[in-house]
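Here the structure is laid out as structure tokens; the discussion comes afterwards.
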Amino acid sequence: MKKLRWLHRYMPEYLKLAVPAWVALLVEVLVDLSLPTLMASIVNIGIRNSDTPYILRTGGIMLGLALFGSLMGLARNWLSTKVSQDLGTLIRADLFRKAQRLSMSAILKFGPSSMITRLTNDVMQVQNMSFMLTRIFIRAPLLLLGSVIMAFILNPGLAMILVGVIPVLGFLIWLRIQRGLPLFKKVQAAIDRVNGVMREYLGGVRVVKVFNRHRYEQDKFDAANQNLTGLGVKAARSMATIQPLMLVLMNGSIILIIWFGGIRISAGNMLVGDIIAFINYSLQILQSMMMVSWIFTAGVRAKTSGDRIGEVFGLEDGMPLPEEPVVPVGQGALEMRNAAFCWPGQSIPVLKDISFRVEPGQTVALIGSTGSGKSSLVNLFSRFYDVSEGAVLVDGQDVRAYGLSELRSRIAMVPQQAILFTGTIRDNLRWGRPNATEEELEAAVRLACADEFIPKLPDGYDTWIGQGGVNLSGGQKQRLCIARALLCSAPVLVMDDSTSAIDMGTESRIRSRLRQHAQNMTVLLIAQRIHSVMNADRILVLDEGKLVGSGSHAALLEDCPIYRDIYRSQMGLDRSGKEVV
Ligand code: UTP
Ligand code: MG
């Protein structure tokens with residue numbers, strides 16, 4: 001139950017509508033409970049004495065009560081629907097907010113597919129349960145208790161039959177829950193997997209088509225889908241056996257009641273009307289036990305889902321933040337002091353003992369073979385992750401001393417993967433600064449050389465981009481990402497291999513425009529091509545997580561063997577400087 005503690009915070013809001021629903025429910029139950037007794041009196045008094053006015057009067061009261069009960073039922077239904085839908089909306093909103101606060105490593109703990117299931121399907125289960133709670137939870141025990149009491153009042157001897165059956169039914173329900181709980185946990189995990197396969201397919205649909213892997217993907221999906229079906233059927237079956245068992249038991253007890261009641265009537269110890277009422281109460285008991293079994297089925301699912309939602313709420317929020325964040329001042333100096341970094345959950349550092357400084361306004365390039373840790377290094381400045389040793393400084397202050405949004409608004413980032421969002425080109429460009437003017441927008445677009453293709457698109461700036469920017473070429477996406485970052489007008493610009501899909505001519509145009517129009521900006525530039533880094537103020541060479549060189553192109557050619565190797569391989573020269581054929 002500890003994992004369900006997160007539900008507490010929704011209680012005040014929930015109870016506001018749930019309590020009126022329960023009051024309406026209570027009235028309904030009282031009506032239901034009074035009807036069989038009134039009916040008994042019609043039989044015992046009205047029919048027995050052929051007292052038609054009494055029959056009509058009592059019948060009229062029954063009709064009135066039934067109508068009133070239905071009205072209450074309507075109100076209760078409206079309230080329960082509203083309260084459960086509202087609850088679902090609140091939980092989803094909070095989950096999304098929580099997901100936004102989580103650090104990268106926390107999000108990766110469950111993975112995107114599971115996060116999506118938790119936000120949709122799991123919340124739905126909790127929502128269902130809350131609906132059931134306001135519809136039948138109170139009703140079932142009240143009806144059960146009331147019916148038992150009324151049965152006792154009518155005939156304590158016969159009522160003992162019911163008292164004997166109810167605990168057996170209760171035990172059956174308990175037994176099923178014990179079996180059901182672990183099964184439903186597996187069902188939710190299976191939904192995660194189905195979502196996961198679908199997500200991966202949709203994300204990599206082009207690759208699947210290129211490699212003609214449809215059959216393989218289909219099989220993978222079928223396996224996940226079959227698994228879900230199997231588990232779902234098993235779980236539902238384990239719960240479904242309750243109902244027939246209960247029916248057998250209850251009908252058995254009704255036979256006993258008629259049997260013993262018959263004997264009593266023959267002996268003149270009981271009235272016919274009483275036995276009719278008694279059977280009515282027994283049926284109500286049966287009905288309420290059924291409701292209890294439904295609610296427990298829903299409860300078992302909701303508990304599993306509630307736990308899963310609780311796990312998300314239980315994740316540590318992002319990173320430890322300073323109590324009193326420092327306000328950033330400065331023009332955008334970057335520094336690392338003996339920084340080391342390990343990916344979360346791994347023990348081998350991918351960056352070791354890195355120290356360097358970038359002065360405001362400088363352009364520093366970072367080069368190194370793939371996997372050498374370039375992206376990991378720049379991630380540290382925006383504090384996507386924290387260093388495991390040493391320090392990362394922006395404008396002379398440790399990044400851990402700033403508020404996260406203040407820090408990140410100082411560093412405009414062009415990530416290695418050109419990620420765009422559903423919406424128009426204009427929407428995407430304005431991400432970093434929604435209130436940017438049209439002139440600023442166009443200036444950023446010109447700097448990124450995106451003015452060369454945007455006007456040619458069918459709707460120019462209003463061209464709709466699909467999810468992930470599917471309808472643009474790689475180089476177009478990269479240029480939009482550069483423009484988006486430039487529009488932030490942050491003092492620091494980090495470009496992580498963001499011209500890899502752009503042809504050399506365009507790339508050098510972007511570089512020269514940046515040099516002319518953004519001289520005050522500090523630029524940290526990652527690139528694979530020597531051409532892209534040659535003109536930087538300084539070049540840092542990274543090899544297997546270590547900084548092995550720092551200096552100008554000419555200096556590095558002189559004294560950094562690794563840089564020389566990269567240069568030679570890209571110029572098509574061998575180690576002795578001869579051209580390779
Ligand atoms: P990087 O992603 O920092 O390398 O990964 P890089 O220099 O930028 O490489 P390219 O040029 O973009 O290809 C450095 C190391 O960090 C590990 C990888 O094993 C890699 O060797 N890594 C990277 C992780 O463990 N997890 C990740 O999410 C990313
Ligand atoms: Mg990289």
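Reckoned from all heavy atoms, side chains included, excluding hydrogens, waters and symmetry mates. Order of listing sets the numbers, starting from 1, for every ligand and every atom in it. Keep in mind that this is a model prediction, so the values were computed, not measured.
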Quick check: does Ser375 put an N/O/S atom under 2.8 Å from the Mg ion (ligand 2)?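 Under 2.8 Å: Ser375 contacts the Mg ion (ligand 2) through an N, O or S atom.
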Is Ser376 close enough to the Mg ion (ligand 2) to have an N, O or S atom under 2.8 Å?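 Looking at Ser376, which is the residue asked about, there is no N, O or S atom under 2.8 Å from the Mg ion (ligand 2).
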For [X] and [Y], work out which heavy atoms get closest and say how close.
| X | Y | value |
| --- | --- | --- |
| Cys449 | Ile510 | SG-CG1, 3.6 Å |
| Phe110 | Leu315 | CE1-CD1, 3.7 Å |
| Arg410 | Pro491 | O-CD, 3.4 Å |

Short N/O distance, under 3.5 Å, between [X] and ligand 1?
| X | result |
| --- | --- |
| Gly373 | yes |
| Ser372 | yes |
| Val350 | no |

Measure the distance from [atom] to every protein heavy atom, then report the residue, atom name and distance (to 0.1 Å) of the closest one.
| atom | value |
| --- | --- |
| atom 13 (O) of ligand 1 | Thr370 OG1, 2.8 Å |
| atom 8 (O) of ligand 1 | Ser375 OG, 2.7 Å |
| atom 1 (P) of ligand 1 | Ser376 OG, 3.6 Å |
| atom 9 (O) of ligand 1 | Gly371 N, 2.9 Å |
| atom 22 (N) of ligand 1 | Trp343 NE1, 3.1 Å |

Which atoms of ligand 1 are found less than 4.0 Å from any heavy atom of Gln346?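 Contacts of ligand 1 toward Gln346, numbered from 1: 25 (O).
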Counting each atom of ligand 1 from 1 as listed, which ones have a heavy atom of Gln416 under 4.0 Å away?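 Checking each atom against Gln416, I get 10 (P), 12 (O).
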Flag: protein heavy atom within less than 4.0 Å of atom 19 (O) of ligand 1: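 Given the 4.0 Å limit, the answer for atom 19 (O) of ligand 1 is no, no protein heavy atom qualifies.
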Protein contact for atom 24 (C) of ligand 1 (heavy atom, distance under 4.0 Å):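 When distances to the protein are checked, atom 24 (C) of ligand 1 has a heavy atom within 4.0 Å.
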For salt bridge (charged side-chain N to carboxylate O under 4.0 Å, His left out), just list the numbers for Asp543 and Lys546, CA-CA rounded to whole Å, side-chain angles, deciding distance to a tenth of an Å, and then say yes or no. CA-CA 5 Å; Asp543 184 50; Lys546 285 201 275 297; over 6 Å; no
How many angstroms lie between CD1 in Ile454 and CZ in Arg479, if you round to the nearest 0.5 Å?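 Ile454 atom CD1 to Arg479 atom CZ measures 9.0 Å (nearest 0.5 Å).
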Please check if any side-chain donor atom of [X] sits under 3.5 Å from a side-chain acceptor atom of [Y], or the reverse.
| X | Y | result |
| --- | --- | --- |
| Arg118 | Ser114 | yes |
| Arg301 | Gln188 | yes |
| Ser532 | Glu507 | yes |

Atom CD of Gln519 with >12 non-hydrogen neighbours under 6.0 angstrom: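 For Gln519, atom CD is crowded (more than 12 foreign heavy atoms under 6.0 Å).
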May I ask whether Gly368 has any heavy atom positioned less than 4.0 angstrom from an atom of ligand 1?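 So Gly368 does not count as touching ligand 1.
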Sub-4.5 Å side-chain heavy-atom contact between Phe221 and Tyr201: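 No. Closest side-chain heavy atoms not under 4.5 Å.
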